[in-house]
Amino acid sequence: MGITETDSALANQLNVYPNPTSGEVNIDFGMEFDLKSVQLFNVNGQLVNTIATSTVTSAINFELTEEPGVYFLTIAAGDETRTVRLIKQ
């Protein structure tokens with residue numbers, strides 16, 4: 001089963017940058033969303049950090065302090081969830 005893009009507000013508006021990053025990460029939702037959570041997983045699927053929970057916002061930023069490598073940000077906002085691959089250099 002593959003990942004399928006949908007015509008959702010979150011999928012169409014979400015911008016995570018810079019990617020790759022040396023540490024600072026910005027998440028721009030393009031509009032206000034009821035943000036439920038932003039979680040960071042490593043390539044083994046282990047939760048390594050919870051960045052944000054339960055707020056209404058249009059953007060957040062955080063410092064990625066983990067070791068260089070590939071990570072996955074799972075963003076739950078409104079009734080939607082989106083996962084974005086993030087590379088730390």
Side-chain angles (χ1 to χ4, degrees):
M1 178 180 220
I3 296 174
T4 304
E5 290 295 323
T6 61
D7 282 337
S8 69
L10 183 59
N12 291 331
Q13 299 291 328
L14 185 65
N15 186 19
V16 177
Y17 64 94
N19 192 8
T21 182
S22 58
E24 182 180 355
V25 178
N26 299 288
I27 303 173
D28 184 356
F29 297 100
M31 58 190 281
E32 281 200 345
F33 271 93
D34 180 14
L35 183 63
K36 306 273 190 249
S37 68
V38 177
Q39 297 178 310
L40 183 71
F41 295 89
N42 64 19
V43 293
N44 296 320
Q46 298 168 313
L47 178 65
V48 294
N49 200 347
T50 297
I51 290 84
T53 56
S54 300
T55 186
V56 175
T57 187
S58 61
I60 62 171
N61 60 32
F62 65 93
E63 190 69 25
L64 183 59
T65 58
E66 284 71 24
E67 293 295 317
V70 177
Y71 296 90
F72 296 92
L73 275 176
T74 299
I75 302 160
D79 295 330
E80 304 177 49
T81 300
R82 179 85 193 266
T83 299
V84 177
R85 185 175 71 148
L86 182 62
I87 300 171
K88 170 136 186 225
Q89 297 179 323

Please tell me if the side chains of N26 and P18 come closer than 4.5 Å, counting only heavy atoms from C-beta onward. yes
Distance col, row L73:CG vs T83:OG1, nearest 0.5 angstrom, shows 8.5 Å
Same cluster or not: V43 versus V16, using hydrophobic residues (I, L, V, M, F, W, Y) connected whenever any side-chain heavy atoms lie under 4.5 Å apart? no
When hydrophobic residues are tied together by side-chain contacts of less than 4.5 Å, even through go-betweens, does L35 share a cluster with L47? no
Legend entry - Chi angles and distances behind the side chain to side chain contact (heavy atoms under 4.5 Å, CB included) call for F72, V84: CA-CA 6 Å; F72 296 92; V84 177; over 6 Å; no
Rounding to 0.5 Å, atoms CD (Q39) and OG1 (T50) come to a distance of 4.5 Å
Rounded to the nearest 0.5 angstrom, the CD-CD distance for Q13 and E80 is 10.5 Å
**Check: N42 side chain, N44 main-chain N or O, donor-acceptor pair, under 3.5 Å** = yes
dist K88:NZ -> N19:CG (nearest 0.5 Å) comes out at 13.0 Å
Margin query: Let's go through L14 and F29 carefully: what are the C-alpha distance in whole Å and the side-chain angles of both, what is the deciding distance for side chain to side chain contact (heavy atoms under 4.5 Å, CB included) to 0.1 Å, and is it a yes or a no?
Written below: CA-CA 5 Å; L14 185 65; F29 297 100; 3.8 Å; yes
Check: V48 and Y71 side chains under 4.5 Å, non-hydrogen atoms
yes
Note to self: Are I75 and T81 packed together at the side-chain level, in the sense that at least one heavy-atom pair is separated by less than 4.5 angstrom?
What the structure shows: no
Mind listing the side-chain donor-acceptor pairs of residues 56-67 below 3.5 Å, one per line with the distance, residues two or more places apart or on another chain?
from: T57; atom 1: OG1; to: A59; atom 2: N; distance (Å): 3.2
from: T57; atom 1: OG1; to: A59; atom 2: O; distance (Å): 2.8

- Message: L86 vs T21, test: side chain to side chain contact (heavy atoms under 4.5 Å, CB included). Steps then yes/no.
- Response: CA-CA 8 Å; L86 182 62; T21 182; 4.3 Å; yes
